[in-house]
Amino acid sequence: MSSKPAKPSATSKNISSLLQEKRVFPPPSEFSARAHLKSMAGYRKLWKESVTRPESFWGKQARQELQWQRPFKKVLQWKEPFARWFVGGQLNVSANCLDRWLGTATANKAALIWEGEPATDGKPGEERVLTYAQLHREVCRFANVLKRQGIGRGDRVLLYLPMIPEAAIAMLACTRIGAVHSVVFGGFSAQSVADRIQDSGARLVVTADGGYRRGAVVPLKKNVDEALVLQGPDGERLAKSVEKVVVVRRCGNEVHMAEGRDLWWHRELEYVTPVCPAARMDSEAPLFILYTSGSTGKPKGILHSTAGYLLGAKLTSKYVFDLRDEDVYWCTADVGWVTGHSYIVYGPLANGATAVMYEGAPNWPEADRFWRIIEKYRVSILYTAPTAIRAFMKWGDEWPKKHDLSSLRLLGSVGEPINPEAWMWYHSVIGGGRCPIVDTWWQTETGSIMISPLPGVTPTKPGTATLPFFGILPEVVDDQGRRVPKGSGGKLVVRKPWPSMLRGIWGDPKRFKEVYWSEVKGSYFTGDGCRCDEDGYFWIVGRIDDVLNVAGHRIGTAEIESALVSHPSVAEAAVVGRPDELKGQALVCFVTLKSGQKASADLKNTLRNHIGKEIGPVAKPDEIRFAEALPKTRSGKIMRRLLKQVASGVEIRGDTTTLEDLSVLAKLSAAED
Ligand code: WTA
């Protein structure tokens, strides 16, 4: 591998010329000098050990990194596909994130630095800083509020909150008493909230009167009110398991408070003390459920458990972000996604780090919001998504140039493949050419980062997540499950169990086996396509199932199709992705109408809003196209491959209401059957 040092440019103008040469970016030596791990040889040795003797590796890490209330007896019990890690051990996640720092110098260090969205009148956003000691106190108080409402071990609590410290407090409070949280992203609708309550059987919901987004109030409490009365096809209320709703006062907008059911967060705090012992939880006690889209049906409740998840989040945060005591670390994800769970809350806090949390959008009120925050708090590590990076590129170099970004020392990327142009821009314009980039591949299911460079150690190349983390054995295989030669593409699988892997799909062990453990015998199937290059670096190509990745958000085509056909004017629908410069993929819907229904621009709007209502604004499609018929094989299967080509290749016509006759395409490629 050649390792010519890159000469970074300070503008985006010559990025394509920088990319002409196949560059490898060696780890900057000033970085390596202080990194947790210092050399590639060190990485290779430790990785080899970790996959040849995984139990000894993970056992040692678990003893070293976590505080146990009772030591575990056995590292792993593996009965494919069910894993039990650190069997017999007991510990508490909130104690590992908070109590362990009390009585140390970290107690009075900022745990969370929160910045609210700036107000519409130009006033700066609010600011709140919680030290470890303060966060501990708030978590204990809210844990007592939950207890007072009868919530305890194993009970599910649904969190539907904006990006405010209360989101982290509520998560940690659940873990303190052994309750299982399920965070739902604020961009999901009342219907999605109701579906998740029904599936998880949540007894309590924590929400806010509203959250700010680009100057508007997102009516979270109103959505919860709606969710609580929605009925299923059998006429039963979907959310009948909910007994109480705790509401954070955030925006001060008017909300309805149902007597006996709804409680104000700040009022409830008046009844409790700040003393709450951490429950002793078994290693395998369920920790949280997080819903994510799959290729079929409704979203799946991905279940994570206590010890393994925490170890994964902690260890990867420590090594991949090379966390140091003086760092100010900022992950821009929302806590509604797994990245927010592992890399805003659990990973950084378990390491005693200072994490920034920001409520608003990257371009509100202006396109320099991120750079302003970095300058203001002297952020040293930034972890964000390629979609955001591409948007910043488009908005222009002048925005970052207005700010002093010299505090940055490390950049991270997550959620979707990062194209080399965006990588180079991130590297040169944001990182000033001095910051290593960690392109981290992982999934809701994996709990923590699986493939990523280690900064200061791994030479990087724009566009690849490079090499596996310790204890992780990924492989690219063909349809028969055989490893493909270097340079060829195939399915990405993971050969060995790892501590932070999902423990199942909530309430559906059969689906768990089918989705993840049936595609390639004896391995975990990721759903991603991948290629391994001559250096053994993994290049993720993207999803090979019917899951789309739109702006770094996972969206199942099946969910959107079923939302569409639930509308009275729709007969059939097929949803595909098309490449999009900004979002990675855009969502294109092909729809046939019931007889008597007329295609119109109005109907398109109605259907978009219908999807917004059924799933949430996050799933609103980029394009809806009406068709006379959908191309199908002789056995009646919709030819998605063909539709994908149509979606990416054919220009959108000016007259948006014309019916396209796509069935003719099916005749042309009847060979597909
Ligand atoms: C994609 C987000 C390429 C991938 C943490 C995966 C990536 C899905 C990367 C999981 C990356 C995530 N490079 N693709 N660095 N990171 N992905 O569950 O397709 O929301 O399967 O977890 O995002 O999305 P999820």
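What you see is a predicted model; the values in this text were computed from it and never measured. Side chains are part of it too, since the values below use all heavy atoms of this structure and drop only hydrogens, waters and symmetry mates. In each ligand, atom 1 is the first atom listed, and ligand 1 is the first ligand listed.
- The side-chain tip of R511 does not point at the ring of Y516 from less than 6.0 angstrom away and within 45° of straight on.
- Screening E445, E559, E416 for a salt bridge (Lys or Arg N to Asp or Glu O under 4.0 Å) involving R554 leaves a single residue, E445.
- Ring geometry for W498 against Y524 counts as perpendicular: the plane angle is over 60°, on a 0 to 90° scale with 30° as the lower cut.
- Applying the 6.0 Å contact sphere to NZ of K318 captures more than 12 heavy atoms from other residues, nucleotides or ligands.
- Note on ring orientation: taking the six-membered ring where Trp is involved, the planes of W337 and F185 are tilted (angle from 30° to 60°).
- With sequence neighbours left out, S189 forms a side-chain hydrogen bond (donor to acceptor under 3.5 Å, both in side chains) with no residue at all.
- For ligand 1, the protein residues within 4.0 angstrom (heavy atoms only) are V338, T339, V414, G415, E416, P417, D439, T440, W441, W442, Q443, T444, D528, I540, R543, N549, R554.
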